[in-house]
Amino acid sequence: MRFLISFLLFASFSTFDAQITGSSCYTYYKESGQCVSVRKCKTIWKLILEAPRPLPERLTEYIRNSQCGNPQDQSICCRPQDIEGNEPVNPQPSVNRNTGSNGISNHRNLRLLDLVNCGSATGDRISNGNQTSLFEFPWSALLGYENTFGDVEYRCGGTLITSKTVLTAAHCIRDGHSSRLTTVRLGEYDTSTQQDCQSNARDSVCAPPVQEIPIRSTLIHPDYDKNRYLNDIALVRLQYSADTSDFAVKTICLPITQQLLRSNPQSFVVTGWGATEQGRKSDVLLKAKVSLHPHDRCQEAISRLSKRVQITEAHLCAVGVGNNVDTCSGDSGGPIQVAANFNNDVRIVQYGIISFGPNSCGNSGTYPGVYTNLRHFLTWVLDNIS
């Protein structure tokens with residue numbers, strides 16, 4: 001176990017600034033912490049002991065980015081309340097000022113969220129601008145629109161947040177669609193195949209058939225402003241519950257805990273079937289890594305495109321990591337997400353919804369992508385799930 005931890009946590013230590021064990025530091029979530037032995041950090045040590053073997057890549061990445069001190073000391077930047085021997089401080093979830101609510105932790109509809117299984121997936125190979133693996137993002141949804149000929153086209157994305165609710169962008173429901181939103185497809189991976197399968201050196205695995213569920217109703221945020229890209233958030237209610245009993249369809253976690261409400265992740269993963277750098281939509285679900293972009297610089301860039309748009313706390317801005325890495329047409333409504341500590345386990349948590357950006361995709365170095373900041377709308381979301 002000692003050799004395994006040393007290898008996983010500290011093989012790439014040279015990429016981080018060294019700190020002295022026992023000194024102050026900042027955690028993976030940019031919280032104040034203390035540099036201590038990994039065995040003394042209760043939450044992280046518990047993750048290491050209880051995680052499946054081999055350790056999922058998103059867990060090893062989280063641990064590597066939490067390291068501090070001398071690599072031989074196997075030190076981790078740990079929150080004070082998580083250090084062995086310290087009393088916990090404010091252990092219960094509480095509200096962040098961005099939510100506009102005084103009671104997220106006590107909201108009556110929290111019971112409708114699957115807090116045990118949300119955000120868990122079997123695919124662990126997160127990388128930049130690449131194809132996803134089967135079952136890696138099982139909360140991904142496609143919104144289907146029926147045209148005048150009776151054909152269904154999939155032009156927006158979304159995420160499953162309860163077994164009967166999909167989260168998406170308001171403009172996916174209201175704007176620019178002559179056809180009618182009729183269905184949600186779940187458990188999809190490759191839209192060009194009847195059955196999705198993947199093989200490795202040892203065996204082959206196939207997904208169950210996709211779930212095509214009719215829509216019961218939609219709800220757009222009452223203050224949605226399409227001209228100023230404000231409050232670009234909506235809920236799609238399904239006629240019946242999705243089957244979340246297999247690996248292909250799961251719900252994603254929402255940032256409802258105190259730690260997630262207050263955290264400030266600097267990098268995220270976006271996913272979608274939108275246009276690629278070749279100019280056509282992808283058959284396979286794609287992923288890309290993006291970095292948080294400061295609001296002031298985002299406003300400066302977006303102002304060159306439109307003077308009407310004001311970047312507020314209800315937005316997140318992010319730029320692609322690498323060449324031609326960006327969200328694009330057809331990605332709208334999909335998630336910006338990150339692997340995070342959710343109730344002492346590493347889960348995928350959704351922080352925002354793909355909203356808008358420049359018409360020319362892949363220019364995120366010049367024009368960032370803009371996302372609806374989900375934490376700002378948690379009360380509205382919880383109020384309206386059923």
Side-chain angles (χ1 to χ4, degrees), residues 119 121 123 125-145 152-161 166-173 175-177 181 183-193 196 210 229 232-234 236 248-252 267-291 316-322 324-338 348-364 367-372 374:
R125 301 189 301 274
I126 295 180
S127 60
N128 295 351
N130 203 352
Q131 288 187 5
T132 62
S133 58
L134 197 62
F135 310 135
E136 189 174 353
F137 298 95
W139 37 84
S140 301
L142 279 168
L143 304 190
Y145 303 80
V152 175
E153 301 172 333
Y154 299 92
R155 296 203 301 263
C156 263
T159 48
L160 190 69
I161 60 171
V166 169
L167 182 67
T168 189
H171 77 264
C172 285
I173 295 176
D175 303 335
H177 297 300
L181 179 61
T183 186
V184 167
R185 176 175 285 190
L186 300 167
E188 181 62 281
Y189 172 68
D190 185 345
T191 60
S192 67
T193 61
D196 295 331
V210 298
Y229 295 98
D232 191 10
I233 184 172
V236 178
V249 177
K250 297 292 181 185
T251 59
I252 194 168
S267 62
F268 301 88
V269 171
V270 291
T271 51
W273 285 268
T276 67
E277 59 272 22
Q278 281 77 38
R280 64 179 184 85
K281 289 186 178 180
S282 172
D283 294 330
V284 176
L285 182 65
L286 299 179
K287 60 188 174 184
K289 188 173 183 179
V290 295
S291 294
L316 291 174
C317 296
V319 295
V321 178
N324 295 321
V325 176
D326 200 0
T327 51
C328 204
S329 174
D331 290 325
S332 290
I336 181 169
Q337 59 214 312
V338 68
I348 303 298
V349 178
Q350 182 171 357
Y351 272 78
I353 302 165
I354 299 170
S355 182
F356 71 96
N359 290 330
S360 54
C361 305
N363 286 328
S364 65
Y367 297 108
V370 183
Y371 306 80
T372 301
L374 184 53

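Computed from a prediction, not measured in an experiment: that's the story for all the values here. Residue numbers count from 1 along this sequence.
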**Item:** Distance (rounded to the nearest 0.5 Å) between Y154 OH and Y145 OH
**Value:** 11.5 Å
**Request:** Measure the spacing between CD of E136 and CD1 of I348 and express it to the nearest 0.5 Å.
**Result:** 8.0 Å
**Atom of V319, atom of P368 and distance for their closest heavy-atom approach** = CG1-CB, 3.7 Å
**Request:** Output all residues satisfying side chain to side chain contact (heavy atoms under 4.5 Å, CB included) with A169, sequence neighbours left out; order by chain, then residue number.
**Result:** H171, C172, D232, I353
**Request:** Provide the closest heavy-atom pair for A141 versus T159 in the form atom of the first, atom of the second, distance.
**Result:** CB-N, 4.3 Å
**Prompt:** Hey, are the side chains of L167 and I233 touching, using non-hydrogen atoms and a 4.5 Å cut-off?
**Reply:** yes
**Request:** Could you pull out the closest heavy-atom pair between C317 and V370, with the gap in Å?
**Result:** SG-CG2, 4.2 Å
**Prompt:** Is there a side-chain contact between I252 and V349, using heavy atoms and a 4.5 Å cut-off?
**Reply:** no
**Request:** Would you please name every residue forming a side-chain hydrogen bond (donor to acceptor under 3.5 Å, both in side chains) with Y229, sequence neighbours left out?
**Result:** none
**Prompt:** Cut-off 3.5 Å, side chains only: do Q337 and W139 have a donor facing an acceptor?
**Reply:** yes
**Nearest non-hydrogen partners of L285 and S140, listed with the distance** = CD2-OG, 3.6 Å
**Prompt:** For V249 and L186, what are the C-alpha separation, side-chain angles and deciding distance, and is it a side-chain contact (heavy atoms from CB on, under 4.5 Å)?
**Reply:** CA-CA 6 Å; V249 177; L186 300 167; 4.0 Å; yes
**Prompt:** Does the side chain of T183 reach to within under 4.5 Å of the side chain of V152, using non-hydrogen atoms?
**Reply:** yes
**Fill in**
Heavy-atom closest pair (P335 atom, T271 atom, distance to 0.1 Å) is CG-OG1, 3.5 Å
**Shortest non-hydrogen separation from A234 to I173 and the atoms involved** = CB-CD1, 3.5 Å
**Request:** Measure the CG-OG distance between L143 and S332 for me, rounded to the nearest 0.5 Å.
**Result:** 10.0 Å
**Prompt:** Should L316 and T372 count as side-chain neighbours, where that means a heavy-atom distance under 4.5 Å?
**Reply:** no
**Item:** Heavy-atom check, side chain of Y371 versus side chain of I336, under 4.5 Å
**Value:** yes
**Request:** Check the pair L142, W273 against side-chain contact (heavy atoms from CB on, under 4.5 Å), reporting the backbone distance first and the verdict last.
**Result:** CA-CA 9 Å; L142 279 168; W273 285 268; 3.4 Å; yes
**Item:** Residues T193, D283; criterion side-chain contact (heavy atoms from CB on, under 4.5 Å); working and verdict
**Value:** CA-CA 9 Å; T193 61; D283 294 330; over 6 Å; no
